[in-house]
Amino acid sequence: MLLLCGNWRGRHAPPVAEMHQTDTTNRQLRWLRQNLRMGAGRDVRLAGWLMAALLVGFIAYIARMHEITHDAFHEMALFREALLQGVVPEREIFAFSPTVYPTVHHEWGTGAVLYFATIGTGWGVHGLAVLKFSVVLLMWCLLYRVARMRGCHPLVFAALSGIAFPVFWVGFATLRAQLFTLLFLAMQLWMQEWDWRGRRAWVLGWLVMLIAWLNMHAGFVVGLGMMAFHGVERVTTSWLRHRSQAAVWRDTWHLWAAAPAAALCPLINPYGWQYVPYLIRAIRMDRPLIREWQPLWHTYAPGWTVALFCIAMVLAGYSVWNNRLVRRRGAAFLALAGWMTIKHIRHGSLFGLCWIAYVPAWFTHTPWGRRWIAWMASRTALCRRVAVAIVLVCGTWAVYHHFWRPTLPPQPLYSTACFPVQAVDYLKQHQFRGRLMTPFHVGAYVSWELFPDVLVSFDGRYEVAYQDHVMRDHNVFLDAEAGWWDIPLRYGADAILVHRQAKVAELLGDWPGTLEELPVAARDRFADWELVYQDDAFLLLARHHGGWSIVDATGQPLRDGAAEAFSRSHGHWARRRSLQRGQAALHALHALPRDRLGTGRVVKHLDADPAVITDVAQRGKDGEKIELSHAGTE
């Protein structure tokens with residue numbers, strides 16, 4: 001507060017205290033001036049408050065995005081299996097539905113980062129929050145640095161950047177691999193600014209970053225495209241300045257040298273050359289059923305978003321028109337990013353990032369930009385009060401929505417996604433092993449909690465793991481379209497998990513009354529199924545199990561499962577100990593005489609502790625017939 005509000009002098013403060021307070025304030029102002037790259041003649045306190053308003057406003061804008069995305073679970077589950085097996089699996093291991101081979105999971109590196117930030121450090125869900133906001137803060141620092149290197153005034157940067165928020169927010173869920181793409185893009189923009197200043201060593205750092213990037217998210221393709229645009233601008237600018245091929249080569253030889261190295265980088269991954277055909281297939285794939293791949297006017301609050309997007313485009317056009325050619329670098333890529341945003345909501349974050357880095361710097365050097373700066377400088381008290389009000393209001397909003405605490409909502413909160421925390425607990429308690437039919441956003445969480453005992457039919461790895469018809473089949477089932485009952489039977493599911501928002505949930509909720517509406521052939525095959533669990537968010541149907549209890553938890557409060565989902569009990573070392581106990585139990589059972597072993601599928605001794613294993617072996621020796629489970633025989 002001393003830093004931004006100035007030197008408050010108490011009426012009865014002793015001179016020594018006043019001097020110490022003044023020295024502290026001056027040191028803080030010097031620190032702020034140095035980090036904001038502001039000269040002595042500018043109001044650093046006003047800039048500090050405006051920057052605080054910008055950052056707090058952005059945190060408030062994404063405050064409700066504390067819900068943990070389902071992508072995090074399949075990424076971490078894959079990396080956990082890689083640690084256990086010593087290699088990243090090429091064959092799909094989590095699903096029983098039709099899949100592709102090889103299964104190229106291009107976000108495995110993100111899974112590694114998330115796993116070590118949460119499970120590896122022991123920080124759990126708090127590690128996820130620390131990682132997210134560390135990446136966000138570093139990204140904003142880089143964007144500010146890029147804008148300042150391009151000549152942006154700090155007040156303009158703070159005042160205009162908020163215009164991009166309605167399209168920028170897309171990549172800031174907790175925590176998606178796309179967030180790392182935004183960080184890497186900001187780093188690349190910073191490197192490209194050093195290139196315009198004649199530096200060359202950044203190329204080596206960019207190639208190393210590219211390798212890490214392509215193993216964390218396929219957004220590295222955007223980075224390659226941005227670098228191609230940068231190369232064309234460098235060659236064009238050098239030619240217009242020197243009119244000499246030798247001068248062009250002297251200015252851009254490092255970019256030509258980096259091009260073949262960048263082309264070979266996609267081969268440096270656990271899947272080798274198979275990464276490339278997968279990438280081509282993923283880029284060309286149409287995704288009409290996924291909302292974030294729909295046009296911009298299908299986003300949340302479309303009126304507000306489209307209006308501010310149009311304002312952002314108008315400001316960009318005005319700023320480019322009123323700047324010299326040498327300052328317009330990046331305009332072509334920004335136009336492309338704008339077109340991509342109109343086509344797909346998902347790409348709004350790319351446009352927002354480039355807009356924040358480019359447009360405030362262009363606007364600074366326009367007639368309206370200079371008038372804006374003069375107006376703010378002449379009304380510092382008013383601007384400061386507005387900034388303080390934004391900090392207070394947005395800060396209150398962000399705290400109210402506990403932006404710092406990642407959650408795993410058991411019921412729909414701010415979006416339609418929720419997680420079957422209690423349903424999974426039910427399956428654990430009844431030691432279910434088999435094939436579970438799951439919706440798109442649920443399968444990854446089930447795999448993280450129940451694999452290898454439970455295989456799923458579908459999860460968020462749409463283009464990564466599954467054949468094209470799998471998603472269509474699941475939509476037919478969930479929307480209760482004609483022949484919906486055939487899908488779980490054809491897939492060979494042992495249980496079905498559906499969320500209440502699905503149309504088929506209305507039919508399954510009346511089970512077994514729904515049986516009367518099915519064809520005779522399907523009715524016979526579903527005769528031994530029953531509704532074993534239901535709550536306000538999910539329904540669970542399973543083949544008849546005599547020892548299973550029927551639970552109706554509708555109307556009861558459902559707990560948030562975030563802390564438990566990221567506990568150390570989910571680590572690979574816990575899984576390894578469980579596998580070792582299972583192997584010991586298997587050996588103990590196989591050591592029994594063959595006439596003491598049955599052929600049933602009902603035993604659950606694989607995960608038993610040593611005492612249970614000893615008891616099982618002793619009962620076998622005493623003449624009791626022991627039933628080996630199907631999973632155990634494997």
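Quantities reported herein were computed from a predicted structural model and do not represent experimental measurements.
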So Met437 and Ile487, do their side chains get closer than 4.5 Å, heavy atoms only?
yes
Counting only N and O atoms by type, is there a donor-acceptor contact under 3.5 Å from the side chain of Thr103 to the main-chain atoms of Val100?
yes
Trp190 side-chain N/O to Leu142 backbone N/O, donor-acceptor pair under 3.5 Å
no
Return the CZ to CG distance between Phe451 and Leu78, rounded to the nearest 0.5 Å.
10.0 Å
Distance from Tyr491 atom OH to Phe458 atom CZ, nearest 0.5 Å?
8.5 Å
Determine whether the aromatic ring centres of Phe133 and Trp404 lie less than 6.0 Å apart.
no
Ring-plane angle category for Trp448 and Phe566, please: parallel below 30°, perpendicular beyond 60°, tilted otherwise.
tilted
Are Arg500 and Asp536 packed together at the side-chain level, in the sense that at least one heavy-atom pair is separated by less than 4.5 angstrom?
no
In this structure, CE of Met216 is separated from CG of Leu179 (nearest 0.5 Å) by 9.0 Å
Closest approach of Leu540 and Ala495, non-hydrogen atoms and distance?
CD1-CB, 4.4 Å
Glu107 side chain to Thr110 main-chain N or O, any donor-acceptor pair under 3.5 Å?
no
With rounding to the nearest 0.5 Å, note down the distance linking OG1 in Thr181 to NE2 in His217.
4.5 Å
Is there a side-chain contact between Leu175 and Phe180 (heavy atoms, below 4.5 Å)?
yes
Applying side-chain contact (heavy atoms from CB on, under 4.5 Å) to Leu210 and Leu224, what does each step give before you reach the verdict?
CA-CA 9 Å; Leu210 185 64; Leu224 292 176; 3.9 Å; yes
Where do Ile345 and His298 land on the side-chain contact (heavy atoms from CB on, under 4.5 Å) test, with the steps shown first?
CA-CA 8 Å; Ile345 300 169; His298 290 282; 4.3 Å; yes
Under 3.5 Å: donor-acceptor pair, side chain of Gln467, backbone of Thr99:
yes
Run through Phe538, Phe94, Phe419 and flag the one making a ring-ring contact (aromatic ring centres under 6.0 Å, His included) with Tyr445.
Phe419
Tell me whether the rings of Phe116 and Phe79 are parallel (<30°), tilted (30 to 60°) or perpendicular (>60°).
perpendicular
Within the 4.5 Å heavy-atom criterion, are Pro409 and Leu558 side-chain neighbours or not?
no
Taking Thr118 for its side chain and Gly127 for its backbone only, find out whether a donor-acceptor pair lies under 3.5 Å.
no
Can you check whether Glu481's main-chain N or O pairs, donor with acceptor, with Asp479's side chain at less than 3.5 Å?
no
Quick one: does Leu143's side chain get under 4.5 Å of Leu353's, heavy atoms only?
yes
Within the side chain of Tyr275, is there an N or O that forms a donor-acceptor pair under 3.5 Å with the backbone of Leu214?
yes
Heavy-atom nearest pair, Asp71 first then Arg176, reads OD2-NE, 3.8 Å
Distance (rounded to the nearest 0.5 Å) between Tyr533 OH and Thr554 OG1
9.5 Å
What are the two closest non-hydrogen atoms of Trp548 and Ala542, and how far apart are they?
CZ3-CB, 3.8 Å
Would you call the rings of Phe184 and Trp213 parallel, tilted or perpendicular if under 30° counts as parallel and over 60° as perpendicular?
tilted
Over all heavy atoms of both residues, which pair between Gln422 and Arg559 is shortest? Give the atoms and the distance, please.
NE2-N, 2.9 Å
Going through the checks in order, is the side-chain contact (heavy atoms from CB on, under 4.5 Å) test met by Tyr115 and Arg80?
CA-CA 8 Å; Tyr115 186 87; Arg80 181 176 62 187; 4.1 Å; yes
Let me know which of Arg435, Arg543, Arg433 forms a salt bridge (charged side-chain N to carboxylate O under 4.0 Å, His left out) with Asp494.
Arg543
Would you call the rings of Trp140 and Phe58 parallel, tilted or perpendicular if under 30° counts as parallel and over 60° as perpendicular?
perpendicular
Is it true that His474 and Ser457 share a donor-acceptor pair across their side chains at a distance under 3.5 Å?
yes
Within a radius of less than 6.0 Å around NZ of Lys503, do more than 12 heavy atoms belonging to other residues, nucleotides or ligands occur?
no
Report yes if the side chains of Ile68 and Val125 come closer than 4.5 Å at any heavy-atom pair, otherwise no.
yes
Can you name the closest pair of heavy atoms from Pro439 and Leu478 and give their distance?
CB-CD1, 4.2 Å
Using 30° and 60° as the class limits, which term best fits the ring planes of His70 and His74: parallel, tilted or perpendicular?
tilted
Check: Leu497 and Pro420 side chains under 4.5 Å, non-hydrogen atoms
yes
Go through it in stages, so that I can follow the logic: the residues are Leu427 and Val454, the test is side-chain contact (heavy atoms from CB on, under 4.5 Å), and I'd like the CA-CA distance, side-chain angles, deciding distance and then a yes or no.
CA-CA 9 Å; Leu427 292 173; Val454 177; 5.5 Å; no
Quick check against the 3.5 Å criterion: does His430 have a side-chain atom that pairs as donor or acceptor with the backbone of Ser549?
yes
Going by heavy atoms in the side chains, are His106 and Val464 under 4.5 Å from each other?
yes
Any side-chain donor near an acceptor of the partner, Thr407 and His66, under 3.5 Å:
yes
Verify, without hydrogens or angle tests, whether Lys132 (side chain) and Phe172 (backbone) share a donor-acceptor contact under 3.5 angstrom.
yes
NE2 (His572) with more than 12 external heavy atoms under 6.0 Å
yes
Would you say the side-chain atoms of Tyr271 pair up with the backbone N or O of His105, donor to acceptor, closer than 3.5 Å?
yes
Residue pair Glu449 / His570, side-chain donor-acceptor N/O under 3.5 Å:
yes
Mind checking the CD-CG spacing from Gln274 to Leu267? Nearest 0.5 Å is all I need.
11.5 Å
Closest non-hydrogen atoms of Gln178 and Ser349, given as atom of the first, atom of the second and distance, are NE2-OG, 2.7 Å
Asp560: which residues meet the side chain to side chain donor-acceptor pair (under 3.5 Å) condition with it, sequence neighbours left out?
none
